[in-house]
Amino acid sequence: MADTHFGARQVPLADKQALVDDVFHSVAPRYDLMNDLMSLGLHRAWKDALVTALDPPKSRPFALLDIAGGTGDVAMRVIAAGGEFTRATVCDINPDMLAVGRERAEAHSPTLPSPATGGGIGMGITFTEGNAEALPFADRSFDAVTIAFGIRNVPRIDVALAEAFRVLKIGGKFLCLEFSTVDVPGLDRLYDFYSFNVIPALGRAVAGDAESYRYLVESIRRFPRPEAFAAMLRAAGFRRVSYQQMTGGIVALHWGWRL
């Protein structure tokens, strides 16, 4: 059985998913608050850029799949930007993150009760527990697939990209927002100091968990550089692949189409 990385550690590939699950079980209750604190609120602008690039239509049906989007943050932004026929499915492997998302969706749509199944909740959003490496959806089911700050936690990224391609309709767009490689001299050293010293301390103070946030920082350093990840998208079958680095390279927005 091959090994893979879990932050700075090498672990058996079969063990990584359980280790990642433990991280997100721990951080789920304070996940969105910590995102605001860690990014100084910039994650909101980055996600807005993703939604702008997605550009959901306002006059026709549009089905989005948001992978690893348990808290519903991206899905609710897409629903708000789209028209009345826009629908979003949030798929996440972690039930604690999904619970946070369901609660947030209910709070944003108090007049739309949850159905008896506990699945769809207001605002056209459905929450589904599922693995990015084996999505529980039929081929060519969605007009767009997004994943924000989640792909680096998937044990087999190539398998997850193949699954995203499989569930996209012909002409559908894939967008991935992920941390990247800082390319501004001086900012790289400041970013490293902030990442490895301030973020774990924030995790300890706010979420009572420094180690999970240390892993999240380490996982960023292990993620492929933008051009290498773009090559992975092409290998998965996506066409017209490109990316845009933002905030000095701290994050990158990647995209490609199923043509």
Side-chain angles (χ1 to χ4, degrees), residues 20-39 41-52 54-132 135-138 141-151 153 164 167 175-177 203 206-209 212-213 216:
V20 171
D21 289 348
D22 287 342
V23 168
F24 285 92
H25 283 307
S26 174
V27 305
R30 297 294 181 93
Y31 184 76
D32 286 326
L33 173 60
M34 280 296 296
N35 281 346
D36 275 328
L37 295 174
M38 289 189 300
S39 72
L42 284 171
H43 77 101
R44 297 174 181 268
W46 298 331
K47 290 170 182 172
D48 285 344
L50 182 153
V51 175
T52 297
L54 180 63
D55 191 22
K58 293 181 169 55
S59 59
R60 62 175 175 84
F62 183 80
L64 168 74
L65 173 63
D66 186 40
I67 302 172
T71 65
D73 195 18
V74 169
M76 284 189 278
R77 290 169 186 269
V78 172
I79 291 288
E84 60 178 311
F85 303 112
T86 300
R87 297 291 180 266
T89 299
V90 175
C91 183
D92 200 299
I93 198 170
N94 192 294
D96 293 322
M97 296 288 282
L98 289 168
V100 172
R102 289 189 178 101
E103 184 177 342
R104 290 188 65 199
E106 288 175 334
H108 281 78
S109 55
T111 61
L112 297 175
S114 306
T117 61
I121 298 181
M123 298 179 66
I125 302 178
T126 300
F127 291 85
T128 301
E129 188 174 337
N131 191 327
L135 293 171
F137 308 107
S141 298
F142 297 95
D143 298 292
V145 175
T146 57
I147 181 167
F149 305 117
I151 193 72
N153 297 310
V167 302
L175 295 107
C176 176
L177 186 63
V206 176
D209 185 349
S212 289
Y213 284 95
L216 292 173

Could you walk me through whether R44 and N35 pass the side chain to side chain contact (heavy atoms under 4.5 Å, CB included) check? CA-CA 9 Å; R44 297 174 181 268; N35 281 346; over 6 Å; no

Distance from [X] atom [atom1] to [Y] atom [atom2], nearest 0.5 Å?
{"X": "T86", "Y": "D143", "atom1": "OG1", "atom2": "CG", "answer": "9.0 Å"}
{"X": "N94", "Y": "N153", "atom1": "CG", "atom2": "CG", "answer": "10.5 Å"}
{"X": "D92", "Y": "N131", "atom1": "CG", "atom2": "CG", "answer": "10.0 Å"}
{"X": "R102", "Y": "T126", "atom1": "CZ", "atom2": "OG1", "answer": "9.5 Å"}
{"X": "H43", "Y": "L50", "atom1": "NE2", "atom2": "CG", "answer": "13.5 Å"}

Electrostatic pair D73-R77, nearest N-O below 4.0 angstrom: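 Looking at R77 together with D73, the answer is yes, because their closest N to O distance falls below 4.0 Å.
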
Donor-acceptor under 3.5 Å ([X] side chain, [Y] main chain):
{"X": "R87", "Y": "F62", "value": "no"}
{"X": "D66", "Y": "V74", "value": "no"}
{"X": "K47", "Y": "L177", "value": "no"}

At their closest point, which heavy atom of [X] faces which heavy atom of [Y], and how far apart are they?
{"X": "C91", "Y": "L65", "answer": "CB-CD1, 3.9 Å"}
{"X": "C176", "Y": "I151", "answer": "SG-CG2, 3.6 Å"}
{"X": "L54", "Y": "T146", "answer": "CD2-CG2, 4.5 Å"}
{"X": "F127", "Y": "A105", "answer": "CE1-CB, 3.9 Å"}
{"X": "A132", "Y": "I67", "answer": "CB-CG2, 3.7 Å"}
{"X": "L135", "Y": "A164", "answer": "CD1-N, 4.1 Å"}

Between F85 and K58, is the side chain to side chain contact (heavy atoms under 4.5 Å, CB included) condition met? List the steps. CA-CA 7 Å; F85 303 112; K58 293 181 169 55; over 6 Å; no

Determine, stepwise, if the pair V90 / L98 fulfils side chain to side chain contact (heavy atoms under 4.5 Å, CB included). CA-CA 8 Å; V90 175; L98 289 168; 4.3 Å; yes

Working note: E129 + I93, criterion side chain to side chain contact (heavy atoms under 4.5 Å, CB included); need CA distance, chi angles, decisive distance, verdict. CA-CA 5 Å; E129 188 174 337; I93 198 170; 5.6 Å; no

Close side-chain approach of V167 and V145, heavy atoms under 4.5 Å: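 Yes - at least one pair of side-chain heavy atoms lies under 4.5 Å apart.
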
With a 6.0 Å cut-off on the ring centroids, do F142 and F137 count as close?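 Yes - the distance between ring centres of F142 and F137 falls below the 6.0 Å cut-off.
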
